[in-house]
Amino acid sequence: MIIDVHGHYTTAPAALGAWRDLQIAGLKDPSQAPKAADLKISDDEIRETIETNQLRLMKERGSDLTIFSPRASFMAHHIGDFETSSSWAAICNELCFRVSELFPEHFIPAAMLPQSPGVDPATCIPELVKCVEQYGNVGINLNPDPSGGHWTSPPLSDRSWYPIYEKMVEYDIPAMVHVSTSCNSCFHTTGSHYLNADTTAFMQCLTSDLFKDFPTLKFLIPHGGGAVPYHWGRFRGLAQEMKKPLLEEHLLNNIFFDTCVYHQPGINLLTEVIPTKNILFASEMIGAVRGIDPQTGHYYDDTKRYIEATQNLTAEEKQQVYEGNARRVFTRLDSALKAKGL
């Protein structure tokens, strides 16, 4: 199988965005605030948005299954308060669950959390539990910066995050460390804020002993790890100066990277620097970069082409990247597949 571990419902029906606009308007004028029951999206509408977009491209590009979560830029945890985020997360998670029910061979859900700046992360646990136990979610997205580019939350090593980590360990689910929209004009959402956050999350783990407290905790850092593979020597050197263990021992039993890197030299670098066991196939399509590369004539986010073309992976290692690593990291995904005889 070819498993894409990074997919978002970026093509959700327009009614979802319209409901969100009303929810935001309701923060100033409560008379405009919608109820969850006001959102009406039919199964046929979901089918149309998936069949003509993600599923069509999956078939064209040769991937089989996508771990599917709500649109990252729509999470926007900085808007409103916890109740705002709680209602919004519940709606978005239910939609992704419905996608997985309509297309069970091709999509399996991962959850966004109802995070809110300054609010105890433990408040996210009921939604996490619901998504795992009722919806069959195999992972979560964890936003290290609910403030939207102002970084007002403590680092991921802070004990305030521990209640979420305890649940992750209990359920044996990984978290994709993924920020949302930037409301700070200094940071472009997808070109800067996302990649900054990937690098920052890695460094927060490097400077801590988080994985001594949680030896089985698993983080997936998306977008190829931001600057991490490119500056691997810097991170190795910094860890050495801090008297930390070698990165292979200190972090690489717990941190993994996806292949959302949109050119061949980038994938070549990733697969040369990072051990194969730590790389999981992903495309994030249809996502931040949707165009065609004029140098190749192919879509930037058709990442399978780069995996196939790299000289750094044997056929066996490619299968590890495509399937084996995902099943090992997302153990609930592996169990779901085995239950289907796959």
Quiz prompt | Evaluation steps, side chain to side chain contact (heavy atoms under 4.5 Å, CB included), between Y9 and I46 | solution = CA-CA 10 Å; Y9 198 0; I46 292 175; 3.7 Å; yes
Exercise. Give the intermediate values and the outcome of salt bridge (charged side-chain N to carboxylate O under 4.0 Å, His left out) for residues E323 and R327.
Key: CA-CA 6 Å; E323 178 182 10; R327 296 181 74 136; 3.0 Å; yes
Quiz prompt | Stepwise side chain to side chain contact (heavy atoms under 4.5 Å, CB included) test for M285 and M58 | solution = CA-CA 9 Å; M285 67 89 174; M58 287 170 65; 3.5 Å; yes
Quiz item: Should N254 and L210 be marked as a side chain to side chain contact (heavy atoms under 4.5 Å, CB included) after you check the CA-CA gap, both sets of side-chain angles, and the distance that decides it?
Solution: CA-CA 10 Å; N254 307 87; L210 174 61; over 6 Å; no
Exercise. Could you walk me through whether E133 and Y171 pass side-chain hydrogen bond (donor to acceptor under 3.5 Å, both in side chains), step by step?
Key: CA-CA 9 Å; E133 295 191 357; Y171 287 131; 2.6 Å; yes
Quiz item: What do the steps show when you test M168 against F214 for side chain to side chain contact (heavy atoms under 4.5 Å, CB included), and what is the final call?
Solution: CA-CA 10 Å; M168 288 171 58; F214 295 97; over 6 Å; no
Practice problem: Please assess H178 against Y194 for the test ring-ring contact (aromatic ring centres under 6.0 Å, His included), listing each intermediate value before the final yes or no. | Solution: CA-CA 7 Å; H178 205 310; Y194 282 13; 4.8 Å; yes
Self-check item: Residues D38, K35; criterion salt bridge (charged side-chain N to carboxylate O under 4.0 Å, His left out); working and verdict
Solution: CA-CA 5 Å; D38 295 337; K35 297 180 175 63; 5.6 Å; no
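Between the side chains of E272 and N268, no donor-acceptor pair is found at a separation under 3.5 Å. Side-chain atoms of S63 and D4 include no donor-acceptor pair closer than 3.5 Å. Residues D29 and S31 have side chains that bring a donor and an acceptor to within less than 3.5 angstrom of each other.
Formation of a donor-acceptor pair under 3.5 Å by the E284 side chain with backbone atoms of T259 is not found in this model. Judged purely by atom type and a 3.5 angstrom limit, D145 has no side-chain atom pairing as donor or acceptor with the backbone of V179. Looking at T52, its side chain does come within 3.5 Å of a backbone N or O of E48 through a donor-acceptor pair. In terms of modelled atom types and a separation under 3.5 Å, the side chain of S180 and the main chain of A76 share a donor-acceptor contact. A donor-acceptor pair under 3.5 Å is formed between the side chain of T314 and the backbone N or O of E317. For T10 (side chain) and I286 (main-chain N/O), a donor-acceptor pair under 3.5 Å exists by modelled atom type. Side-chain atoms of T189 come within 3.5 Å of backbone N or O of S182 as a donor-acceptor pair. With hydrogens and angles ignored, the 3.5 Å screen pairs no side-chain donor or acceptor of N325 with any backbone N or O of L280. T181 contributes a side-chain N or O that, together with a main-chain N or O of S73, makes up a donor-acceptor pair within less than 3.5 Å.
At least one side-chain heavy atom of T11 sits under 4.5 Å from a side-chain heavy atom of Q54. Put simply, the side chain of R234 reaches to within 4.5 Å of the side chain of L238, judged on heavy atoms. Using a 4.5 Å heavy-atom cutoff, the side chains of C92 and R71 are not in contact. Contact annotation: the side chain of N196 approaches that of F187 to within less than 4.5 Å [non-hydrogen atoms, C-beta and beyond]. Proximity of W19 to W88: side-chain heavy atoms (C-beta onward) are separated by under 4.5 Å at one or more points. Proximity of I41 to L95: side-chain heavy atoms (C-beta onward) are separated by under 4.5 Å at one or more points. Looking at P222 and C260, their side chains never come closer than 4.5 Å, going by heavy atoms from C-beta outward. Between T123 and P114 the shortest side-chain heavy-atom distance does not fall below 4.5 Å.
Tested against D172 for a salt bridge (charged side-chain N to carboxylate O under 4.0 Å, His left out), the candidates R332, K167, K218 yield a single pass: K218.
Salt-bridge annotation for R47 and D44: present, with a side-chain N of the basic residue lying under 4.0 Å from a carboxylate O of the acidic one. Between R290 and D301, none of the side-chain N atoms (NZ, or NE/NH1/NH2) sits under 4.0 Å from a carboxylate O, so this pair counts as no salt bridge. Using a cut-off of 4.0 Å between Lys/Arg side-chain N and Asp/Glu carboxylate O, E60 and R56 are scored as salt-bridged. Salt bridge status for K130 with E127: present, with a side-chain N to carboxylate O gap under 4.0 Å.
Distance CZ/F330 to CZ/F256: 9.5 Å, rounded to 0.5 Å. One finds the CZ atom of F68 at 12.5 Å from the CG atom of N137 (value rounded to the nearest 0.5 Å). Interatomic distance, L195 CG to T190 OG1, rounded to the nearest 0.5 Å: 8.0 Å. T84 contributes atom OG1, which lies 4.0 Å from atom CG of D81 (distance to the nearest 0.5 angstrom). Distance check: R305 CZ to T303 OG1 gives 11.0 Å after rounding to the nearest 0.5 Å. The line from CE of M112 to NE2 of H77 is 4.0 Å long, rounded to the nearest 0.5 Å.
Cluster annotation: F103 is connected to L57 through the hydrophobic network of ILVMFWY side chains, with a link wherever side-chain heavy atoms come within less than 4.5 Å. One hydrophobic cluster, built from ILVMFWY side chains closer than 4.5 Å, holds both I173 and V129. Under a hydrophobic clustering in which Ile, Leu, Val, Met, Phe, Trp and Tyr are joined whenever their side-chain heavy atoms come within less than 4.5 Å, directly or via other members, M203 and W232 fall into the same cluster. I50 and V5 fall into different hydrophobic clusters, where Ile, Leu, Val, Met, Phe, Trp and Tyr side chains are chained together by heavy-atom contacts under 4.5 Å. Criterion: ILVMFWY side-chain heavy atoms under 4.5 Å apart, direct or through other members. Under it, I3 and V321 are not part of a common hydrophobic cluster.
I255 and F257 make their closest contact through CG2-CZ, 4.0 Å (heavy atoms, listed as atom of the first residue, atom of the second, distance). Of all heavy-atom pairs between L252 and N278, the closest is O-ND2, 2.8 Å. Between K340 and P104, the shortest heavy-atom distance links the atoms NZ-O, 2.8 Å. For the pair S85 and I79, the tightest heavy-atom approach, listed with the atom from each and the gap, is OG-O, 4.3 Å. Heavy atoms only, all atoms of each residue included: A110 and P70 are closest at O-CD, 3.5 Å. Here the closest non-hydrogen pair linking L142 and A175 is CB-CB, 4.0 Å.
Within the cation-pi definition used here (under 6.0 Å to the ring centroid, within 45° of the axis), R61 qualifies as a partner of Y299.
Under the 6.0 Å cut-off for aromatic ring centres, Y300 and Y262 do not qualify, their centroids lying 6.0 Å or more apart. Ring centroids of F219 and F202 are separated by 6.0 Å or more, keeping the two rings apart. Between H78 and H150, the distance separating the two ring centers is not shorter than 6.0 angstrom.
The 12-atom threshold is not exceeded at CG of L246, counting heavy atoms of other residues, nucleotides or ligands nearer than 6.0 Å.
The aromatic rings of W161 and Y165 sit parallel to each other, their planes meeting at less than 30°, with 60° as the upper class boundary.
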